[in-house]
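Below is one structure, written out as structure tokens; comments come after it.
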Amino acid sequence: MTDTVLKPLSGRLALVTGASRGIGAETAKALAAEGAHVVLVARTSQDLEKIEDEIHAAGGSATIAPLDLVEAESIGKLAQAISGRWDSLDILVINAATLGSLAAVPAIDVKEFARLLTLNIAAPQALIAAFDPLLRASKDARVISLSSGVAPQPRAYWGAYGASKAALDNLVAAYGQEVRNITNVRTHIVDPGPTRTAMRARAYPGEDPASLKTPAVVAQAIVNLIVADTPDGYRLDLPK
């Protein structure tokens, strides 16, 4: 009889938002491949079920949680449901976001901007608030936030999206400083750089997708960040 070799994330619980496609889906699969049980969060059940099936087929473990993060009360209900089943949350990957329309600042549509800010910054704050007790209960919790190159370096016509990502970077970093000395929670910001995603295609319709790295490359970098003893507040900027 051979001994069972534990994977690096065996016994750990992860939650990934925007897990139905792109970087979120690949990150969920990569976390499951390293032994984590992954809660898959996105709006569409059908797309989540596809990722869940892929994880199970590869020998991993996952649970789907279809919900719209724009609806704040749904986040609280999800946290309540997870706390009723698990004692802690070890990994929170804040990935879900919307690009919105690229427009000059005076031309930003007010209603679209409000929804963008709700999904890109208000929902992440609600996630951190709702899952803070479970994160604090972990022996080694990580909050991974997906950023963008336009957060630290503003770009014309990207004001709406860039502002939301700059705000998210600040929010997550502030949370990390608040809990650094009193919990085992560490925060990390990841800028994936140019990646072959649907959002990237929307922003750069004339770009050759084959010239860009795949979401799986970003996912593996995120997993490596978690598995390593990465210090709190570390920012990872991935190249093209």
Side-chain angles (χ1 to χ4, degrees), residues 13-25 27-28 31 38-43 48 65-83 88-100 112-136 138 141-152 158-180 183 185-192 195 197 199 215 218-219 222 225-226 232-237:
L13 177 68
L15 186 151
V16 180
T17 68
S20 61
R21 64 181 183 178
I23 293 172
T27 299
L31 288 169
V38 187
V39 178
L40 311 171
V41 177
R43 286 182 298 172
L48 287 177
L67 61 86
D68 189 345
L69 292 170
V70 172
E71 300 173 359
E73 64 276 6
S74 64
I75 294 174
K77 291 178 181 177
L78 175 62
Q80 186 176 17
I82 289 177
S83 64
S88 63
L89 177 64
D90 304 294
I91 301 162
L92 172 61
V93 180
I94 301 173
N95 167 70
T98 183
L99 175 65
E112 183 182 54
F113 191 39
R115 189 182 188 283
L116 180 148
L117 291 176
T118 299
L119 179 59
N120 293 8
I121 183 66
Q125 187 279 329
L127 281 164
I128 292 172
F131 287 99
D132 177 63
L134 286 174
L135 289 166
R136 289 173 182 255
S138 172
R142 306 296 183 96
V143 177
I144 312 292
S145 175
L146 275 292
S147 184
S148 169
V150 296
W158 286 72
Y161 181 74
S164 72
K165 284 299 183 179
L168 180 59
D169 285 2
N170 194 297
L171 184 82
V172 171
Y175 174 65
Q177 292 183 23
E178 290 160 4
V179 300
R180 177 179 297 165
T183 72
V185 180
R186 284 183 267 184
T187 61
H188 309 302
I189 294 170
V190 175
D191 175 7
T195 307
T197 63
M199 181 184 290
V218 180
I222 291 173
L225 189 71
I226 294 169
D232 176 62
Y234 181 80
R235 180 185 177 99
L236 176 62
D237 296 291

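All residue numbers in this chain count up from 1 along the given sequence.
When all heavy atoms are compared, the tightest approach of L40 to A28 is CD2-CB, 3.3 Å. Here the closest heavy-atom approach between residue P133 and residue A130 is recorded as CD-O, 3.7 Å. Nearest heavy-atom pair, V39 versus A65, reported as atom, atom and distance to 0.1 Å: CG1-CB, 4.0 Å. Minimum heavy-atom separation, G18 to A96: N-CB, 3.6 Å.
Although no hydrogens or angles enter the test, the distance criterion places no donor-acceptor pair under 3.5 Å between the side chain of D237 and the main chain of D191. The backbone N or O of V150 lies less than 3.5 Å from a partner atom in the side chain of S148, making a donor-acceptor pair.
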When the side chains of residues 159-168 are checked against the rest of the protein, which donor-acceptor pairs come out under 3.5 Å, sequence neighbours left out?
residue, atom, partner, partner atom, Å
S164, OG, N120, ND2, 3.1
S164, OG, Y161, O, 2.7
K165, NZ, L146, O, 2.8

Using residues 67-74 as the side-chain source, report each donor-acceptor pair under 3.5 Å to any protein atom, sequence neighbours left out, with the distance given to one decimal.
residue, atom, partner, partner atom, Å
D68, OD1, V70, N, 3.1
S74, OG, D68, O, 3.2
S74, OG, E71, O, 2.5

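The side chain to side chain donor-acceptor pair (under 3.5 Å) search around S138 returns D90, not counting sequence neighbours. Residues forming a side-chain contact (heavy atoms from CB on, under 4.5 Å) with P152 (at least two apart in sequence, or on another chain): R235. R21 pairs by the side chain to side chain donor-acceptor pair (under 3.5 Å) definition with nothing, not counting sequence neighbours.
Pairs of residues two or more places apart, or lying in two chains, never qualify as salt bridge (Lys or Arg N to Asp or Glu O under 4.0 Å) while including a residue from residues 114-131.
Each of V190, I222, I144, T17 was compared with N95 under the side chain to side chain contact (heavy atoms under 4.5 Å, CB included) criterion, and only T17 meets it. Across R186, R180, Q177, a single residue satisfies side chain to side chain donor-acceptor pair (under 3.5 Å) together with D232, and that is R180.
When side chains are defined from C-beta on, L13 counts as touching I82, because their heavy atoms get closer than 4.5 Å. Side-chain contact check for R136 versus V179: some heavy-atom pair is nearer than 4.5 Å. Side-chain contact between I121 and L171 is present, with heavy atoms from C-beta onward closer than 4.5 Å.
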